[in-house]
Number of protein chains: 4
Amino acid sequence: MYTHIVQYYETDRMGIVHHSNYVRWMEEARLFYLGEIGYAYDKMENDGIISPVVSVECSYKKTSTYGDTINIEVTATGCNKIKLFLSYVMKNQNEDIVCEANSSHCFLNDKGAPIRLDRDFPGFYEAIMNNIK
Amino acid sequence: MYTHIVQYYETDRMGIVHHSNYVRWMEEARLFYLGEIGYAYDKMENDGIISPVVSVECSYKKTSTYGDTINIEVTATGCNKIKLFLSYVMKNQNEDIVCEANSSHCFLNDKGAPIRLDRDFPGFYEAIMNNIK
Amino acid sequence: MYTHIVQYYETDRMGIVHHSNYVRWMEEARLFYLGEIGYAYDKMENDGIISPVVSVECSYKKTSTYGDTINIEVTATGCNKIKLFLSYVMKNQNEDIVCEANSSHCFLNDKGAPIRLDRDFPGFYEAIMNNIK
Amino acid sequence: MYTHIVQYYETDRMGIVHHSNYVRWMEEARLFYLGEIGYAYDKMENDGIISPVVSVECSYKKTSTYGDTINIEVTATGCNKIKLFLSYVMKNQNEDIVCEANSSHCFLNDKGAPIRLDRDFPGFYEAIMNNIK
């Protein structure tokens with residue numbers, strides 16, 4: 001479980017967190033999750049692998065603001081030969097869901113070509129497959 | 001048509017625009033669009049109406065980077081009693097689609113209660129309905 | 001001592017943290033510091049006091065990047081009737097100084113008028129004076 | 001003269017532009033200025049030269065908010081063998097100064113070593129010297 005404390009600069013003049021920041025928190029939680037399953041993203045980059053975001057979707061359920069504590073649960077929901085699918089549930093300090101989100105990701109080698117996960121990155125593929133819910 | 005010039009600070013260490021910025025560009029283009037149809041958002045706020053984002057989704061088609069020119073076309077795709085639905089197509093200077101996106105929005109009055117658009121904000125409702133494609 | 005873990009979205013295409021983020025980290029550390037001396041900023045805002053930033057200056061000593069741990073020490077360096085002066089030293093996980101910074105701040109009441117700190121906000125004034133180094 | 005239109009996402013819950021954004025606008029105006037004198041920054045990067053920011057300072061004179069038009073004048077105030085010094089005056093649509101700022105910059109070659117501007121990048125050095133006020 002990853003925790004993000006809402007910063008003042010993340011609010012907008014509506015008095016709440018600007019909605020674009022949830023996409024950033026998804027990244028924070030995702031990279032934490034990858035580290036937890038043994039694939040820290042900085043190490044992946046050092047190994048010549050980058051992972052661009054293919055899609056994101058956020059459904060905002062409740063507003064957040066400065067000082068809130070946001071707990072983010074990341075779940076791998078699928079993985080095929082070239083794409084990883086993740087979902088996110090973000091809850092505040094009162095256990096209210098503030099945002100539900102999904103993202104998909106591909107993986108590129110140092111030549112910019114897509115990596116076939118099952119064949120060319122099997123340890124990662126297996127780690128994800130073992131964590132899919 | 002709204003145009004955004006990509007700034008250096010919008011890139012990340014992958015060398016490309018960080019994906020969260022497309023959500024910000026959606027806002028830029030959306031507020032421009034609202035102004036075009038006669039409902040500038042600062043005027044709406046002055047009138048006591050705010051419009052939180054209910055959902056966003058982005059599908060990234062091609063990377064962008066510093067100096068690119070991104071033209072964003074906003075289309076109203078639907079409007080019901082309480083929600084507005086918009087879609088976005090973002091193209092770079094070579095006419096390549098870089099991102100396709102959607103968002104939905106509700107409207108709150110100065111008491112924080114949802115506005116029923118057809119009944120309580122009919123001029124806006126009509127302006128949107130006339131622009132739906 | 002406040003700690004910030006560098007996020008991926010804080011980097012730019014030079015591969016390092018974009019320099020504007022250090023100004024945001026100053027805010028994170030400053031609001032943490034205010035909480036530590038008994039004046040949490042959300043409570044101040046609830047009491048009708050806001051504190052705009054009057055000036056900032058940053059001197060960048062060493063680059064940072066994704067995954068770095070930045071420890072930030074905030075010191076009150078002065079306080080007069082209307083302004084608070086703070087300094088910041090930011091060190092990475094190797095104890096290298098990455099940034100030295102300063103900021104000044106005024107305080108406004110709910111009518112937007114400047115607060116005379118010694119007379120109108122004496123508890124805060126005293127708390128700062130006791131912490132000046 | 002560079003112009004920035006203030007975006008909604010640049011505001012914070014004080015209702016005004018978050019002060020960190022002025023540092024970003026300095027970058028926008030600076031890269032525009034470099035383009036104007038014939039040294040577009042993307043071209044410099046392609047030539048293997050990067051220019052980290054050494055220091056920034058901002059003095060905030062007046063608040064800005066969503067929809068404001070900020071005109072930014074950049075002036076080269078000095079250049080020595082290794083550093084460039086710039087100053088910035090930012091005015092809003094009413095000709096009020098909102099921020100005065102300064103920055104300094106060094107230049108690194110593709111090996112990460114500092115470039116001696118007068119000797120190793122003489123065209124740029126001369127262009128700056130001709131523009132110093």
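All chains are named by letter (A, B, ...) in the order of the sequence lines, taking the proteins before the strands, and each is independently numbered beginning at 1. What you see is a predicted model; the values in this text were computed from it and never measured.
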Q) Top residue by heavy-atom pair count (under 4.5 Å) with chain C, among D/S103, D/S55, D/C99, D/A101? A) D/S55
**Q.** Rounded distance (nearest 0.5 Å) linking atom NE2 of D/H19 with atom CZ of C/R24
**A.** 9.0 Å
(Q) Quick check: under 4.5 Å, non-hydrogen atoms only, which of residues 57-93 of chain C neighbour chain D? (A) C/E57, C/C58, C/S59, C/Y60
Q: Taking heavy atoms only and a threshold strictly under 4.5 Å, list by residue number the residues of residues 29-51 of chain C that touch chain D; give 'none' if the list is empty.
A: C/R30, C/Y41, C/D42, C/E45, C/I50, C/S51
Q. Do you know which of C/M26, C/E100, C/M14 has the most heavy-atom pairs with chain D at a distance under 4.5 angstrom?
A. C/M14
Q. Is it the side chain or the backbone of D/N21 that comes within 4.5 Å of chain C heavy atoms, both, or neither?
A. side chain
